[in-house]
J.: 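My structure is below; once you've seen it, I'll send some questions.
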Amino acid sequence: VNRAALILIVVWAMPTLLASPALAQDRSITDTSVSLPSASEILQVLMLRDYNTRVVVLGTAALGVAAGMIGTFMLLRKRALLGDALSHATLPGLGIAFILMVQAGGSGKSLPGLLIGATISGLIGVGCILLIRSYTRIKEDAALGIVLSVFFGLGVAILGVIQNMGSGSAAGLESFIYGKTASMLRSDALIIAGTGLLVAIICAVLFKEFSLLCFDQPYARTQGWPVAALDLILMTFVTAVTVIGLQAVGLILVIAMLIIPPAAARFWTERLSIMFFLSAAIGGVSGMLGAALSALVPRLPAGAIIVVTAAIIFLISMLFGPARGVIVNLRRRVDLNRRVARQHLLRGIYELIEGDDAAATEESLAQRSTPIEALLAERSWSLGQLRRLLERHEQEGLVAIRDDGRICLRPAGLEEARRLVRNHRLWEIYLITHADIAPSHVDRDADTLEHVLGREMVAKLETILAGQRAPALPSSPHVIVHARGGAT
Amino acid sequence: VIFLAALNWNWSLDGWIIAAGVLCALSCALLGNFMVLRRMSMMGDAISHAVLPGLAAAFLITGSRGSLTMLIGAAVVGVLTAALTQFISSLAKVEESASMGIVFTSLFAVGLIMIRRAADHVDLDPGCVLYGLMEGVPLDRIDFLGMRIPRVVLILAVMLIINLLFVALFYKELKITSFDPGLATTLGINANVMHYLLMTLVAATTVASFEAVGSILVVAMLIVPAAAAHLLTDRLSLMIVVSMIIAVICGIVGHIAAIVVPQWFGFRGTTTAGMMATVAGVLFLVTLLAAPRHGVISRLFHRALLSLRILREDILGTLYRHEEKNGPAAALSSADLRHATGAGDLSLVLAILGLRGRHQLQRIAAGYGLNETGREAARALLRSHRLWETYLVDQLQIRADHSHRTAEYLEHITTPQTRDRLSAAAADATTDPQGKPIPRE
């Protein structure tokens, strides 16, 4: 019924059948085992000894590098999905170029002709997106979706026409949708490498301009940079990379080459220049590894393997990236939580043993203690949590649990607690006198702020409050309501 | 009838193809309204690509190509796509669209590998997933209530009913969560639950449509009719109705166009699915240009009318100032007017025609001068201008030599009421900051 579908199945089945006729015969449906290559085969591929492998591996690596570089700017401009729409929008151009070339008497498979067609229709697609987005009430996401689906639909309709033209040569066009990495020719690899080099040069020359465009476009405009022209250059090279990527990995997977490497690189650094090189490296490595893997193991489509490799690198980066990785963020949060808990504990004990006696000297405070029940009622912590907290800080030498179960502060703990209580009360006084907040409400506000008070901030508070009362440790500006019990 | 005969029409084939197309377009367009309003259009695209591994897994695990198995496999992965996208973007602080791109391309790649690894036994064809086998719809029939109905049509009909029920039952919730998730939360509606319900149905609709029309048409039908309807109306209920009408048109015209349009260029027919998306695109383009309020043409037209009115008023103002200097009935040539207003030839001619039609302008010798009605209008305009200058200088402390530009903008949008308030604020001053007289009403 659909000749294209049949041809496609045959095209996919052929290499497998040719490469491993034995494997193809008695394999159950669920048998997806991978026949491992021998060491010498691995060596042969990794050393790029085989000519074909060398072309494919280097070609995809160059594509990965180019896409990684230009993708960095796309990601930072929040236009990651533009590549998606762009790559789908190339299809009608491919089809029309094919028909025109056949009508002109050619075979329709001339690569430059097809690429020119793809570039033109890709650029028209991007233009449509930008126009729809800026001149109608349709939002960016819908504009992307409209251009993507309508252009691709038109492309499919044109491919349908080509199939019915009778010259069964339409099969070549299908490879643009899924890619034909394995059959990459030397000339293809050269085109990709050439484009990659061009992208690298342009990015190097316009690095400052592009980064300005990414981070602060209005500023760039007020500084007199030709923002529209720069944008056009960027878009043109994105189109170029997408188009050359089409026949290597296919129009759906080329999107991944533009998005995944920069997104992975983002986890490792906060600096654009480093992110740029990392992204290029990740793109190159996943291109290389993917192509090599698919050359080693039969029945692994190279384009898909490249994307999965990139996705794995992304996952690793997402978890372990030192700048924004999940684990680093988690550790930062745990550290913060611990600090907050420690400050709550110390201040809680201090306020209990201080009681109403604001003028108590350090020596007398060091003698005082509080029952754990009173401390438990201070905050919403469970007895278990509180005990663990106390034990940890006992080991650090900040608090002491006496034999009768009462808790007191060791000298080091007392000193830190006085500092914390002082910060807390400085804030409270500031909030009461300068922000006109009722004394009964300041405790909560100061509670959240006290943990992030830096030394400079405290110094500033002291200066502001200098005219009022900023003794070594001010007494609490409000009545401290203890839930239960008190200190002795 | 003659038209249909010319197409080689066959109701038992073409009728069912159209039925499948229309049903699919309707189910998608219905949900698409909410996708467009929630700015999640690309999620439809992501889901429709990402369900590939779900299809492959369902096939590899059960070994059957039953519709239900496929539906469940794909729906699971579809929801997984939405969940993973949200998960990555919130956990790792990746921008949402980027995280969507990462998730769906990776899943698509995994699906391709799964299919390729089992290529000998799976006749799951990604090409079929992308553009469907619309022409094969009438061939695969099953018995239903004593009729031989194509399986795909039956599935799509069930899908449409489910979607209709969903929208009817949760209309209020969908509406509130689409426009104001914050309000929804305070009203006790769980926006997250609605989000995932919608995603589940989008995934299911995508899969149900695969066999017939392919995933790209699903994306087209999800987004394009809803976006076109969004340009035509501001009411959600009306938008849904309009999008459904557009969907039906796409289904019918799409199939006819697939037969007819290629013949115009001397080719044989093409695929219905592709042509439906194209027709949707054409309809969107027409709407974009011709929509009454949000269309490009109407906005350009209104802008042209506005600039013409401003030009007419500027001409009146110029002539009035000229009369102030040179005495009543002083005339200016059209070259002078062009120079003074900076207008183009065509707009100047149109503006002068408009003024003469309103009897505000009279020909004097080789030029134009004000007559009594024109002088009346010009006086009101100049009064606005000079009152504004007074206000800007007195009340807003703007320097006198800087107030002219602002007053020039404001004079065109000043109502008599505003003029009275300005006059009161100026304490009935008789001259503006430059010492020019403020005309009386």
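Values below: every heavy atom of this structure, side chains too, minus hydrogens, waters and symmetry copies. Residue numbers start from 1 in every chain, and the chains themselves are labelled A, B, ... in the order their sequence lines are given, proteins ahead of strands.
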J.: Residues in ring-ring contact (aromatic ring centres under 6.0 Å, His included) with F34(B), at least two apart?
T.: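 Listed in chain order: nothing, the list is empty.
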J.: Is a salt bridge present between E140(A) and R39(B), judged by a nitrogen-to-oxygen distance below 4.0 Å?
T.: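 Salt bridge absent between E140(A) and R39(B).
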J.: With a 4.5 Å cut-off on heavy-atom pairs, point out which of G32(B), S99(B), A92(B), G101(B) contacts chain A the most.
T.: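 Highest number of heavy-atom pairs under 4.5 Å: A92(B).
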J.: Which atoms form the tightest heavy-atom contact between P301(A) and S294(A), and what is the distance?
T.: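 Closest pair (atom of P301(A), atom of S294(A), distance): C-CB, 4.4 Å.
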J.: Which residues in residues 257-266 of chain A have any heavy atom closer than 4.5 Å to a heavy atom of chain B?
T.: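 Interface residues of residues 257-266 of chain A: I259(A), I260(A), A263(A).
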J.: For chain A, find which of H294(B), M275(B), R299(B) contributes the most heavy-atom pairs closer than 4.5 angstrom.
T.: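 Going by pairs under 4.5 Å, I would pick H294(B).
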J.: Can you say whether F314(A) sits under 4.5 Å from chain B via the side chain, the backbone, both, or neither, judging by heavy atoms?
T.: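 Looking at F314(A), just its side chain touches chain B.
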J.: Do you know which of D141(A), L144(A), I312(A) has the most heavy-atom pairs with chain B at a distance under 4.5 angstrom?
T.: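 If we count pairs closer than 4.5 Å to chain B, D141(A) comes out on top.
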J.: Non-hydrogen atoms of chain A under 4.5 Å away: do they reach the side chain of V110(B), the backbone, both or neither?
T.: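 V110(B) touches chain A through backbone and side-chain heavy atoms alike.
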J.: Between R332(A) and P322(A), which heavy-atom pair has the shortest distance, and what is it?
T.: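 Here R332(A) and P322(A) meet closest at NH2-O, 3.7 Å.
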J.: Judged by atom type as modelled, is there a donor-acceptor pair below 3.5 Å linking the side chain of N33(B) to the main-chain atoms of A29(B)?
T.: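 Side chain of N33(B) to backbone of A29(B), a donor-acceptor pair under 3.5 Å: yes, one is there.
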J.: Looking only at non-hydrogen atoms, find the nearest pair between T242(A) and S87(A) and report the distance.
T.: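 Here T242(A) and S87(A) meet closest at CG2-CB, 3.5 Å.
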J.: Drop me the distance from S121(A)'s OG to L91(A)'s CG, to the nearest 0.5 angstrom.
T.: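 These two atoms lie 8.0 Å from each other.
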J.: Among T105(B), V224(B), V94(B), which residue has the highest count of heavy-atom pairs closer than 4.5 Å to chain A?
T.: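 Greatest number of close heavy-atom pairs with chain A: T105(B).
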J.: Keeping T206(B) on the side-chain end and V202(B) on the backbone end, is there a donor-acceptor pair under 3.5 Å?
T.: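 Looks like yes, one N/O pair under 3.5 Å.
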J.: Between L288(B), L222(B), L231(B), V218(B), who has the most heavy-atom pairs with chain A when the cutoff is under 4.5 Å?
T.: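 That would be L231(B).
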J.: Hey, could you give me the CG/CG distance between L251(A) and D84(A), rounded to the nearest 0.5 Å?
T.: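 Nearest 0.5 Å value for the CG-CG distance: 9.0 Å.
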J.: Please check: side-chain N/O of H255(B) versus main-chain N/O of G251(B), any donor-acceptor pairing under 3.5 Å?
T.: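 Side chain of H255(B) to backbone of G251(B), a donor-acceptor pair under 3.5 Å: no, none is there.
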J.: Take atom CZ in F215(A); do more than 12 heavy atoms of anything else shown fall under 6.0 Å from it?
T.: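 Yes.
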J.: Taking every non-hydrogen pair under 4.5 Å, which of L148(A), N329(A), L330(A) racks up the most with chain B?
T.: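 Heavy-atom pairs under 4.5 Å are most numerous for L148(A).
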J.: With a 4.5 angstrom heavy-atom cut-off, is it the side chain or the backbone of M40(B) that approaches chain A, or both, or neither?
T.: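 Backbone only.
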J.: Contact part of F151(A) toward chain B, heavy-atom cut-off under 4.5 Å: side chain, backbone, both or neither?
T.: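 Answer is neither: F151(A) stays 4.5 Å or more from chain B.
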J.: When only pairs under 4.5 Å are counted, which of K139(A), M318(A), R324(A), R79(A) shares the most heavy-atom pairs with chain B?
T.: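 Ranked by contacts with chain B, first place is K139(A).
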